[in-house]
Amino acid sequence: MVLKRLGLFLMIICFLDVTSTFAQKNNETISDSIKNQIYGRLKNFSFSFYVDAYVNKTLEKASDTSTIIPFSSNCPVRNQIRMNVAAFELYYSSENVRGKFAIQYGDAPNLLASPSAQWIKTIRQANFGFSIVKNLWVDFGYIFNPVGYESSWTVLNQISFVTVGGYFGPGSVLGVKLSYKFSEKFRGGLMTGNPFSIAYSQNTHMAGIIFLTYQPIPNLSVTYNNFFGNQALRDAQIKNNILYNDLIITYDPEKHVGLVGQLDYAAQTNSGMAPDTNRTASMFSGFLQARYKINDHFSFTGRYEFFNDPEGFLSGVNKNTHRGIRTTGFAFSLEYKPVKAGYLRLAYRSLDSYPGSNVFYSNTSDQIQSIVFTTGMKF
């Protein structure tokens with residue numbers, strides 16, 4: 001009797017062990033399956049964080065009562081420790097589908113948001129696209145405008161603050177983008193939609209953009225972009241048709257030296273100053289920039305810039321000179337990168353406006369000088 005009970009007990013133990021082993025293997029199979037599904041969905045996603053801070057110390061005059069520096073696309077508040085941008089970016093990329101979404105906070109987004117488009121303060125870009133055929137993509141949503149070399153994110157520039165021409169340049173577009181890679185050396189496309197920026201406040205008219213880039217050799221790139229459309233409001237009887245042309249050349253003659261040149265020319269109909277407001281107004285702007293990379297940690301950059309909008313159709317008419325804004329300036333920047341993802345920059349800037357315009361230091365001076373320190377990390 002004892003032997004029978006012992007045998008039955010051993011049979012039960014063996015059965016439970018086999019059942020437990022089977023259940024464990026089955027759970028491992030289910031777990032692996034779930035992991036593979038999750039990995040399959042997430043492997044095409046990537047994300048990044050970006051934070052930068054600044055101090056813009058103007059060599060101010062006693063009469064300067066404003067805290068905002070005119071014509072600033074970033075680092076706009078003087079004599080304070082400020083956060084320029086804090087942002088999160090999410091990307092999706094596969095063979096035939098892609099998407100981009102970025103949210104941002106800080107001084108730069110607040111400054112660049114027009115009253116009719118306050119959501120720009122938070123959303124930097126939000127778009128998705130798919131490949132129609134090989135090398136041909138179509139994207140929809142809130143998309144970067146390719147016009148201009150500079151960015152409001154200081155980490156993407158060699159000199160943290162943006163030129164006056166960059167401040168008045170076209171902004172991002174809510175619409176559709178078609179891009180095609182013709183060859184290894186030539187690519188381009190077109191966009192259409194509603195523009196959002198300081199100079200081109202959103203209206204119900206559609207704007208168009210053509211962008212082309214030619215890279216004959218690896219260290220030389222020539223880019224042409226344009227922006228065109230009616231900038232008048234929908235109910236306006238007079239059309240303000242603009243054609244904004246943008247030419248950018250980048251050249252690295254050797255591994256330590258980087259050169260950039262940008263030239264912009266814009267013309268807009270029915271935008272002349274009184275008494276002949278039916279005339280076509282024009283604007284010129286641009287900059288020349290040279291960067292020397294001392295080693296992996298240190299680099300030095302210098303830049304000369306100019307902006308001339310005599311009719312004021314972009315910058316407005318100055319009450320003192322009765323003309324648009326005209327500025328020239330130069331800047332020097334020293335950058336230190338302690339790590340690949342981070343940087344520290346110290347820069348000096350001098351900006352002069354048309355004599356008698358008094359657009360700086362609370363409308364008391366034709367010149368402004370500042371020392372700007374920026375630091376940030378993007379990872």
Side-chain angles (χ1 to χ4, degrees), residues 91-102 112 117 120 123-152 156 165-166 168-216 220-232 234 239-250 260-269 280 282-283 285-286 313-314:
Y91 301 95
Y92 178 85
S93 179
S94 65
E95 184 177 358
N96 297 312
V97 180
R98 64 188 181 188
K100 299 176 183 179
F101 176 72
L112 293 175
I120 298 178
I123 300 179
R124 177 172 166 82
Q125 63 173 327
N127 54 78
F128 67 93
F130 56 86
S131 177
I132 301 175
V133 295
K134 184 178 179 181
N135 296 327
L136 178 62
W137 286 82
V138 59
D139 297 277
F140 303 89
Y142 188 51
I143 308 170
F144 286 152
N145 191 324
V147 174
Y149 176 81
E150 301 169 288
S151 171
S152 61
L156 302 178
F168 287 109
S172 297
V173 172
L174 184 62
V176 57
K177 172 184 176 182
L178 195 67
S179 55
Y180 183 67
K181 183 179 180 181
F182 299 93
S183 67
E184 293 299 322
K185 297 182 178 180
F186 185 52
R187 62 186 183 275
L190 55 89
M191 298 171 60
T192 183
N194 288 128
F196 292 79
S197 69
I198 291 291
Y200 312 86
S201 57
Q202 188 269 343
N203 59 57
T204 53
H205 289 293
M206 300 291 284
I209 298 166
I210 295 175
F211 53 95
L212 302 168
T213 297
Y214 178 57
Q215 192 171 10
L220 174 64
S221 175
V222 180
T223 298
Y224 169 74
N225 309 298
N226 67 28
F227 172 91
F228 56 92
N230 181 8
Q231 292 306 295
R234 173 65 71 180
K239 294 182 179 180
N240 297 128
N241 293 316
I242 188 173
L243 176 60
Y244 191 108
N245 301 277
D246 169 52
L247 179 66
I248 304 169
I249 299 176
T250 63
V260 181
Q262 178 174 319
L263 179 64
D264 293 355
Y265 169 73
Q268 183 168 289
T269 61
T280 297
S282 60
M283 180 280 304
S285 71
F313 77 96
L314 289 180

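No experiment lies behind these values; they were computed from the predicted model shown.
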With a cut-off of 3.5 Å and sequence neighbours excluded, list every side-chain donor-acceptor pair involving residues 173-181.
residue, atom, partner, partner atom, Å
K181, NZ, E184, OE1, 3.4
K181, NZ, E184, OE2, 3.4

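Here the shortest heavy-atom pairing between I123 and Y142 reads O-CE2, 3.5 Å. Closest non-hydrogen pair, A126 versus F101, comes out as CB-CD1, 3.8 Å. Nearest heavy atom pair, residue P146 against residue I209, reads CG-CG2, 3.9 Å. Across all non-hydrogen atoms, the minimal contact from V147 to P170 is CG1-CD, 3.8 Å.
Side-chain contact between T280 and Q268: absent, with no pair of heavy atoms (C-beta onward) separated by less than 4.5 Å. A heavy-atom distance below 4.5 Å is found between the side chains of F227 and I242.
With N245 contributing its side chain and Y265 its backbone, the two residues share a donor-acceptor pair below 3.5 Å. Of the possible polar contacts, one joining the Q262 side chain to the Y149 backbone as a donor-acceptor pair under 3.5 Å is found. Remark: side-chain polar atoms of N145 are paired, donor with acceptor, to backbone N or O of G171 under 3.5 angstrom. Side-chain atoms of S282 never come within 3.5 Å of backbone atoms of A266 as a donor-acceptor pair (strictly under, hydrogens ignored).
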Original post:
Would L247 and N225 count as a side-chain contact (heavy atoms from CB on, under 4.5 Å) if you check the C-alpha gap in whole Å, the side-chain angles of each, and the deciding distance to 0.1 Å?
Top reply: CA-CA 7 Å; L247 179 66; N225 309 298; over 6 Å; no

**OP:** Could you walk me through whether Y244 and N226 pass the side chain to side chain donor-acceptor pair (under 3.5 Å) test, one step at a time?
**Re:** CA-CA 5 Å; Y244 191 108; N226 67 28; over 6 Å; no

Original post:
Does the side-chain contact (heavy atoms from CB on, under 4.5 Å) test come out yes or no for S172 and R124, once each step is laid out?
Top reply: CA-CA 9 Å; S172 297; R124 177 172 166 82; over 6 Å; no

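Taking F130 as the reference, nothing meets the ring-ring contact (aromatic ring centres under 6.0 Å, His included) condition, with sequence neighbours excluded. Every residue two or more places apart in sequence or in another chain was checked for a salt bridge (Lys or Arg N to Asp or Glu O under 4.0 Å) with R187, and none qualifies. Scanning for ring-ring contact (aromatic ring centres under 6.0 Å, His included) contacts around Y224 gives an empty result, with sequence neighbours left out. Listed by chain and residue number, nothing satisfies the ring-ring contact (aromatic ring centres under 6.0 Å, His included) test with F228 (two or more places apart in sequence, or in another chain).
Residues T223 and T213 bring a donor and an acceptor atom of their side chains to less than 3.5 Å of each other.
For residues 136-151, every residue pair satisfying the salt bridge (charged side-chain N to carboxylate O under 4.0 Å, His left out) rule, not counting sequence neighbours, is listed here: R98-D139, E150-R303.
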